[in-house]
Amino acid sequence: MSTVLSEPKLPAGVKLPIYMDNHATTPLDPRVLETMLPFFTNKFGNAASRNHSFGWEAEKAVDLAREQIAKLIGATAKEIIFTSGATESNNLAIKGIGEMYRERGNHIITQVTEHKAVLDTCKRMEKLGYRVTYLPVNADGLIEMDDLKRAIDDKTILVTIMFANNEIGVIQPIEEIGKLCHERGILFHTDAVQAVGKIPVDVNAMNIDVLSLSGHKIYGPKGVGALYVRRRNPRVQIAAQMDGGGHERGMRSGTLNVPGIVGLGMACEIARLEMAEEAAKLIAMRDRLRKKLESNLDFIHLNGSMEHHLPGNLNMSFIHVEGESLLMGINDIAVSSGSACTSATLEPSYVLKALGLGDDVAHSSIRFGLGRFNTPAEVDYVADKVIDVVQKLRELSPLYEMAKEGIDLTKVQWQAH
Ligand SMILES: *Cc1c(COP(=O)(O)O)cnc(C)c1O
């Protein structure tokens, strides 16, 4: 490969490898680390210790973090329950509501492009005797409100629909979903991991009853997250899935991860203050990347509605290029691909398949996840590199030559051998 591919010149200030996978995780903001450090050393108290200043100091820090998180999503501090991350938050929301409202009904509605932390939890609920409806998405990745309306019946207790998708960046019609759920007296949970801190989220304006968020997707630490649980109109009840000392209003026992919580709070505070400016910067870089790729390459396909889209996401398929070769060719850039190259099955992404994409288009897709610490110079390097590699790979591809000549590859009768 290296004999075929030439190296674009490294612009000033660009260091390799370049991290452009900010939907998978984000680097810790140095300001967040700074805030956390004392809580690993002299401020080590247990926030549940009521008898001395070590405990009070930790509790005060946790309370501040609760305020900071609540403020970012328009909630009140008492409505924030700390967890180990959004996987746990999603589990607690779905299992906890399912258990608590079992007498009212056993039907849950979700949709097909949810994160596995929601889909696999819903599968578990089916094993426990719940009915789950998995709504389809249209070619843009959005659910249809009519499908949701039709799916609701008198046994529906919960609708769980993600705010923004982690692969294709598509933002669901959360406000409309929340309004419908409240009209029908159904609880609404949203996995808002990719939305919180990136775009405005307001649990009251959007009628959200329960919301999951995670520290490490917003420049905070790993292993800490939160669940927002509405306290009035309606007061949501959640059956604990972790029993013990009765922490977090009895919903989630376990000694609080004080340094992590302090970091999550600070991450939310920074996001609240800088979100608008940061989003504008990310959109500009995202559009620059998109324009460069579009003006230099043919047979490319944008995945997911660009109208309802996260600022830092660009998901693009490079048709007639083999996904694995493309990833290998750009191995100095950290991105994700639509082909699950880690799995033995080589199944393409279920999210891309849900949009109706063929396996070949899904396999050749790249998710660019731009974040706080990316620069325009990095964007230029990434664009040049991808263009170079795609062009070189296509020079070797008979399929690309045929497509360019206007041959419809889906109609070709391939000879069996
Ligand atoms: C990352 C992610 C999760 C899981 O969050 P963790 O805190 O890593 O458990 C859940 N949902 C979405 C949409 C995510 O992007």
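Keep in mind the model is a prediction, meaning the values are calculated, not measured. Count residues from 1 along the sequence. Both counts, for ligands and for their atoms, begin at 1 and track the order of listing.
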Every pair of nitrogen or oxygen atoms between ligand 1 and the protein that is under 3.5 angstrom apart - can you list them with their distances to 0.1 Å?
unit_1	atom_1	unit_2	atom_2	d
ligand 1	7 (O)	Ala86	N	2.9
ligand 1	7 (O)	Ser214	OG	2.6
ligand 1	8 (O)	His216	NE2	2.7
ligand 1	9 (O)	Thr87	N	2.9
ligand 1	9 (O)	Thr87	OG1	2.6
ligand 1	11 (N)	Asp191	OD1	3.4
ligand 1	11 (N)	Asp191	OD2	2.6
ligand 1	15 (O)	Gln194	NE2	2.7
ligand 1	15 (O)	Lys217	NZ	2.7

Show me, pair by pair, the donor-acceptor contacts under 3.5 angstrom made by side chains of residues 245-258, not counting sequence neighbours?
unit_1	atom_1	unit_2	atom_2	d
His247	ND1	Gly254	N	3.0
Glu248	OE1	Arg66	NH1	3.0
Glu248	OE1	Phe82	N	2.7
Glu248	OE2	Arg66	NH2	3.0
Arg249	NH1	Lys78	O	2.9
Arg252	NE	Glu88	OE2	2.6
Arg252	NH2	Glu88	OE1	2.8
Ser253	OG	Gly244	N	3.2
Ser253	OG	Gly245	N	3.3
Ser253	OG	Gly246	N	2.7
Asn257	OD1	Gly260	N	3.0

Side-chain donor-acceptor pairs under 3.5 Å in residues 92-103, sequence neighbours left out?
unit_1	atom_1	unit_2	atom_2	d
Lys95	NZ	Asn91	OD1	2.7
Glu99	OE1	Gln241	NE2	3.2
Tyr101	OH	Gln237	N	2.9

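In this structure, Phe40 has no ring-ring contact (aromatic ring centres under 6.0 Å, His included) partners at least two apart in sequence or on a different chain.
Ring centroids of Phe373 and Tyr219 are separated by less than 6.0 Å, placing the two rings close together. Here Phe44 and Phe54 bring their ring centres to under 6.0 angstrom of each other.
Remark: Lys198 fails to qualify as a cation-pi partner of Phe163 under the 6.0 Å distance and 45° angle criteria applied to the six-membered ring.
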